[in-house]
Amino acid sequence: MTPITEVAGRRVALSNLEKVLYPETGFTKAELVHYYATTADALLPHLRDRAVSFLRYPDGPEGQVFFSKNVPPGTPEWVTTAEVPRSSAEAPARMVVVQDLPSLVWAANLVTEFHTHQWLVRSPGEADRLVFDLDPGAPATVVQCCEVALWLRERLAADGIEAHPKTAGSKGLHLLAAVRGASSERTSEYAKALAVEAERALPRLVVHRMTKSLRPGKVFVDWSQNAARKTTAAPYTVRARRTPLVSAPVTWDEVAECRSPAALEFRAGDIAARLQDHGDLLAPLLDPGRAAPLP
């Protein structure tokens, strides 16, 4: 029989809690669910009011890994869902919106990464986030991503935009900023222009095109995730990688001082201490007063 637990007054079924998801570390499904439950105060504000895509890996990262954008079968009726526009030729999709702790624990039981759009379900026509995904091409690493991030931070600041870094939870770095008053199309245009500018300023380090032959030894500044239909790994989500790495917010001092990839690798077990020491480093993204207009 599947165990049932009560979470904030909701009955949530939990299954296969003893399953080892990450064999290299022995990290189990129970530990994954516990991580999400205990990190909820920091994570939920970054999920709330956003349609969520699930990147599911129920048998661990070495098993089947697949995206689930539509509401999964068996979703409890108390989990919030929303219609999400797609292209004019397609009917709207219905997606999950993780609003509270019971919904988060239910979703964690699916074994998933959380990915969100750069807009809220109540205003899909307006982007409220700007994102750059800095992806290193070997032999470049996150160390080179940090160099590019520092350049982008200063360039964004020149336009009155405050950038905040987090690890990708794999090999790169994400920069996020709160913005207002622009469509996803306009935000994408602005992000692309800055990626092109970064390539001109740092030609030996940056590439703005996705062409794989251009990327060895350079950092691909992926501006395309600002498109309305694209999603990006949410802050604090555990990634489907070899070990339970987290897409973890980091300080600008940590970015500036990074000299090896290991310096910016954080696992699920590291996050509680970081939250105790730093709080939510991405909390400024949630303050409407700090959202900047695009130039």
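A quick note: this is a predicted structure, and the numbers were derived from the prediction, not measured.
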Just verifying a value: how many Å separate D133 CG and L175 CG, rounded to the nearest 0.5 Å? 9.5 Å
Candidate list K212, R215, K218, test salt bridge (charged side-chain N to carboxylate O under 4.0 Å, His left out), partner D135, passing option: R215
Should L156 and L205 be regarded as members of a common hydrophobic cluster, given that ILVMFWY residues are connected when their side-chain heavy atoms come within less than 4.5 Å of each other, either directly or indirectly? yes
Between R229 and K69, what is the shortest heavy-atom contact and its length? O-NZ, 3.9 Å
For F67, does the six-membered ring have the charged nitrogen or CZ of R56 within the cation-pi criterion, i.e. under 6.0 angstrom from the centroid and within 45° of the normal? no
Side-chain heavy atoms under 4.5 angstrom apart, residues restricted to Ile, Leu, Val, Met, Phe, Trp, Tyr: same cluster for L134 and I161? yes
Can you tell me how far the CG atom of N16 sits from the CG atom of N109, to the nearest 0.5 Å? 8.0 Å
For K19 and E31: C-alpha separation, side-chain torsions, deciding distance, then whether salt bridge (charged side-chain N to carboxylate O under 4.0 Å, His left out) applies. CA-CA 10 Å; K19 180 185 288 186; E31 290 175 290; over 6 Å; no
Where the side chain of K29 meets the backbone of V20, is there a donor-acceptor pair that is under 3.5 Å apart? no
Quick one: CH2 on W106 to CG on L104, what's the gap to the nearest 0.5 Å? 10.5 Å
What verdict does the side-chain hydrogen bond (donor to acceptor under 3.5 Å, both in side chains) test give for T81 and R94, after you've listed the backbone C-alpha separation in whole Å, the side-chain angles of each residue and the deciding distance to 0.1 Å? CA-CA 7 Å; T81 64; R94 180 157 289 277; 2.8 Å; yes
Pick out which of H174, H115, Q118 makes a side-chain hydrogen bond (donor to acceptor under 3.5 Å, both in side chains) with T232. Q118
Give the ring-plane orientation class for F114 versus Y36, where under 30° counts as parallel, over 60° as perpendicular and anything between as tilted. perpendicular
Counting only heavy atoms not in D270, do more than 12 sit closer than 6.0 Å to its CG atom? yes
Flag the pair D100 and R48 as a salt bridge only when some basic side-chain nitrogen lies within less than 4.0 angstrom of an acidic carboxylate oxygen. no
Would you tell me whether Y190 and N226 have side-chain atoms, one donor and one acceptor, within less than 3.5 Å of each other? no
Steps toward salt bridge (charged side-chain N to carboxylate O under 4.0 Å, His left out) verdict (R50, D128): CA-CA 11 Å; R50 297 181 189 276; D128 73 329; 2.6 Å; yes
Which heavy atom in T28 sits nearest to a heavy atom in E18, and how many Å separate them? CG2-O, 4.0 Å
As an exercise, state the distance from CD of E162 to CG of L176, rounded to the nearest 0.5 Å. 12.0 Å
Is a donor from one side chain sitting under 3.5 angstrom from an acceptor on the other, for D59 and Q64? no
Going from OG1 on T187 to CD on E126, what distance comes out if it is rounded to the nearest 0.5 angstrom? 8.5 Å
Compare every heavy atom of A268 with every heavy atom of F27, then report the nearest pair and how far apart it is. CZ-CB, 3.9 Å
Strictly distance-based, threshold 3.5 Å: is any side-chain N or O of T167 a donor or acceptor partner for the main-chain N or O of A248? yes
S224/D222 under side-chain hydrogen bond (donor to acceptor under 3.5 Å, both in side chains): CA gap, chis, key distance, verdict: CA-CA 6 Å; S224 69; D222 187 356; 2.6 Å; yes
Which residue is it: E265, E113, E62, E24? I am looking for the one with a salt bridge (charged side-chain N to carboxylate O under 4.0 Å, His left out) to R241. E113
Can a donor-acceptor pair be found, under 3.5 Å and without considering hydrogens, that links the side chain of T237 to the backbone of A234? no
